[in-house]
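Contents: one structure, followed by commentary.
Here the structure is a predicted model, which means the values were calculated and not measured. Proteins come first, then strands; the chains are lettered A, B, ... in the order of their sequence lines, and each starts at number 1.
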Amino acid sequence: MLFNSLDFLVFLAIVYAFYRVLPFRGQNWLLLVAGYVFYGWWDWRFLFLLIFSTTIDFWSGLVLDRGRLTRHQVIVPGLFLTGAALLLLGCNMSELLGRLRGDGTEAPLLTPMMQYVLIGIPVFLAGLTLAYRVLATLPEERRRKTCVGISVTLQLVVLGFFKYFNFFIDSLVASLNAAGFAAQASHFSIVLPVGISFYTFQSMSYAIDIYRRELKPTDRFFDFAVFVGFFPQLVAGPIERARNLLPQMSQPRQITGDQIRRGCFLIMFGMFKKVAIADGMAMVADQAYAVPDATWGTVVAGTLAFAVQIYCDFSGYSDIARGVAKLFGIELMYNFNQPYFAGSPRDFWQRWHISLSTWLSDYLYKPLGGNRGSLAFTCRNLMLTMLLGGLWHGAAWNYVLWGLYHGTALSVHRVIVNGRGPARDRPALAILKITGFGIITLYGWLLFRARSFDQVVNYTATLFSGRGGLEIDAGRPAISAVAGLLLLITWEIAQYRSGGDARFYRQIHPTIVGLAIAFMLFLTLMGTSNEPAQFIYFQF
Amino acid sequence: MSPPSSSISSFDERAARRRGWVTIAWVALWLAILDVGVNVAFAYPNDPKNLHPSKLALYFDYGRSMEGRLRRITRSHREFTAPITLAGWYDPLVAVERPAKPGATEVTIYGMSHAVRLADALQATPTKFQARSVGAPGATTNWSYGAFLRDPDRRHSKVAVLAIMSSTLPMILSPSPMDWNTSFAMPYTADRFIETAGGLRQIKPPYESFPEYVSTFNDPPAWTQALEQFARTDPFYDSFLFRASWLDNSTLVRLIRRAWAQRRDREWRNRALTAQSHDRKSEPVRIANAIVIDFARRARAEGIVPVIYIIDSFGYGDQLTRALCSTLAREQIPYVSTSQHIDPKTPTNYLPDGHFTDANDRKLAATLAQVMDRELAKTAIGR
């Protein structure tokens, strides 16, 4: 379900109406069902992966911390997982729903996978029981290590299979062919489940935090399931930490007037960014990156358009997610803080996709040793972290290249700064740094957006040779995008000048704020005529 | 730089609430000013003969109701009405005749602008064919087949070509582009075909000529009756998009209406077309197949060679050809499928307005000529 669709508006209105009248436990059940409906809207089958991930990490958390599970903690998630396997994998859900609606097609109700499900469930449960019994006999530290290892491995196996399997096969075959061995690629037809990287990382952090003794596990399976399946941030983040979100799921929530006002504003602001600007810019970037021999002007215009598109698309999604969560009395973490005002690579990663960069920092960079060694050691860790950060975005070499590019930028910056803290720059120098690093960021977006390695090479050559001059061979942005971008730049400069406070507009007279919001609403309405595009980060 | 604050512990809730309401009031006021301001600054010209309003005037007018647009472009007298209101009527059915080629075989092509361009290209190519075209702007295949049935001179042609296009396939169920093409008001009408056990049932539109349209439009009871027929027979009819009201004067409402129209348009297209293929069970595909069969049988019964011209619009694959191929093969109906000659995914094969380039039209005309040569030769042998 897309945030910028009528389906979502209706869905949100229904869920919210029930949410406001239900008691706390009822609210949690409602959020769980809503999360599953929201996710299953794309494809019911992949809901099983979400439930699998939830169940494994719930059990892992308890075994990690206490070394044992109560009967209730075994049976309830076990039944839930078994039921999900039977219903979502063994049953033809679209036919079942069709028959319930009265427009079924007489197709079989059971899928060919049902026989594997029926064999797989007892085998899997027997395996888990055996693993549990073995784990229970181990000394505490060994048990904790083994348990977190199993949990992380299982999550990564699922993620790796669905996201990276074909990529690694292709890369292996290409390497073998390059080495003179005749190898042929054979593919599985694997569909990438929406948002799998987001919820896998979120779920993994729960087990790791418990392992590190930074978090106590929850006893209540369904609270944990709501934490993993909370719909506003389920498919495109922010990647929440259990220590922030789980307590909000476990205790009754108070919805304040401030949350409602701010939530509504964030939803409106996110829609404005997505519908008016990002979708209106998409055609420029799409056409510029579809031209075989692009001119210098086309490459620059397409990359600039993509820089605007990806920022407005992704930060717009995060704003809507945070806004919707606020309506439910739940606070999600910030994901963007004016990233294009960054004056250095370090600054950029403290402002762009904050929930991922802090995740990578907490669970990868620091465990690798962080900056607790020589400069070379720190640079190695930065490179490794950014390489995997790039790969997180997708199974393609241009993402790997993008990660390495940012890793290099961070390492070079580290060498230049060499341990000095951030200095307060004069305005002229700050503007120079922002512009200079902006150009570096833009080239990074070229790597990110390119369709192939050949295109990266071709477009880079064009950039340096100036081929074709200023001629632009791409579409024009929509009117809503041009006007919206001017308004957004003005808004962000005002926010930046106020010191970055997201509520800077409280200092401004309501007349001016009203005018800005009216323009945003008007441009959003204009943008509803743009071809609606799926949020870019859904594919990750 | 300070991190964005998220706490309001020291904030006066009452003051915040008051400020919130004041801001909302200002938003409402500014929206009203914007609404009126856009209407004044980008007013759409009222003269039906003015065919070139400014781009922004056109942009902000797109969501006007169909009735509102018709009211603006329609005048009772042909001389004063907008040219588009005169196009596409069944009565009289206008055929474009081209300069005679001595000893040539006449071919009539029924369809939309693509069909007319194909006829032009066929006429220009050095073949023995004399092209005649019967078309309407954006015509769907139900219109084209209705035109074939009404064409009094169809028997003069040795070959009849019926055009069918992937991008407008779902609209084959619509008796008027007024109901589906919400960006342009085109009041002409078309037949609605419904599948029956014996083949196709033809439902004629409530009016078929410009004078009938004007008199119906200006007669409220007759207009209501006509709209009731559209509502009954056309799945695309939507009263929110069609009926005029005072809300037409609001820019904001027009923007909302336009978004709604586009959403509905996407939904209809998606119902008949999945990512891989047309859904053969969908009504548009079933009707298309039935029309193709009916057209071929009637043409053959009159000694005319039927040919189907399948146009794959830019961005589509060969889905439409696949949706029709089993019928075409079973009934042995000759066809020209553009996707077999021109890649529909390559933008340079098309002009910016979606038509094929002139070179591609010539290529298609040459292919059509080959197909017709082959079929006419078969017919001659058969005799």
Check: Is it true that Trp491(A) and Phe269(A) have ring centroids separated by less than 6.0 Å?
Finding: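 Between Trp491(A) and Phe269(A), the centre distance is under 6.0 Å.
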Item checked: Check: Asp347(A) main-chain N/O paired with Ser344(A) side-chain donor or acceptor under 3.5 Å ->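 Between the backbone of Asp347(A) and the side chain of Ser344(A) there is a qualifying donor-acceptor contact (under 3.5 Å).
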Next item on the list: Could you tell me whether Arg257(B) sits above the aromatic face of Phe240(B), with NZ or CZ closer than 6.0 angstrom to the six-membered ring centre and within 45 degrees of the axis?
Entry: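 Here Arg257(B) passes the 6.0 Å and 45° test against Phe240(B).
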Side chain from CB out, backbone as N, CA, C, O: work out which of these in [X] comes under 4.5 Å of a heavy atom of chain A, or both, or neither.
X         : value
Leu56(B)  : side chain
Arg263(B) : side chain
Phe60(B)  : side chain

Notebook entry, point to check: Do Thr357(B) and Asn360(B) have side-chain N/O donor and acceptor atoms under 3.5 Å apart?
Noted result: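 Yes, side-chain donor-acceptor contact under 3.5 Å.
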Check: Under a 4.5 Å heavy-atom cut-off, does chain B meet the side chain of Phe504(A), its backbone, both or neither?
Finding: neither
Note to self: For the interface with chain A, which of Asp35(B), Val22(B), Leu34(B), Ile256(B) has the highest count of heavy-atom pairs at distances below 4.5 Å?
What the structure shows: Leu34(B)
Checklist line | Sole candidate of Gln350(A), Arg241(A), His353(A) that passes side-chain hydrogen bond (donor to acceptor under 3.5 Å, both in side chains) when paired with Thr358(A) | finding: Arg241(A)
Next item on the list: Sort out for me which of Leu515(A), Leu525(A), Ile517(A) touches chain B most, counting heavy-atom pairs under 4.5 Å.
Entry: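 If we count pairs closer than 4.5 Å to chain B, Leu515(A) comes out on top.
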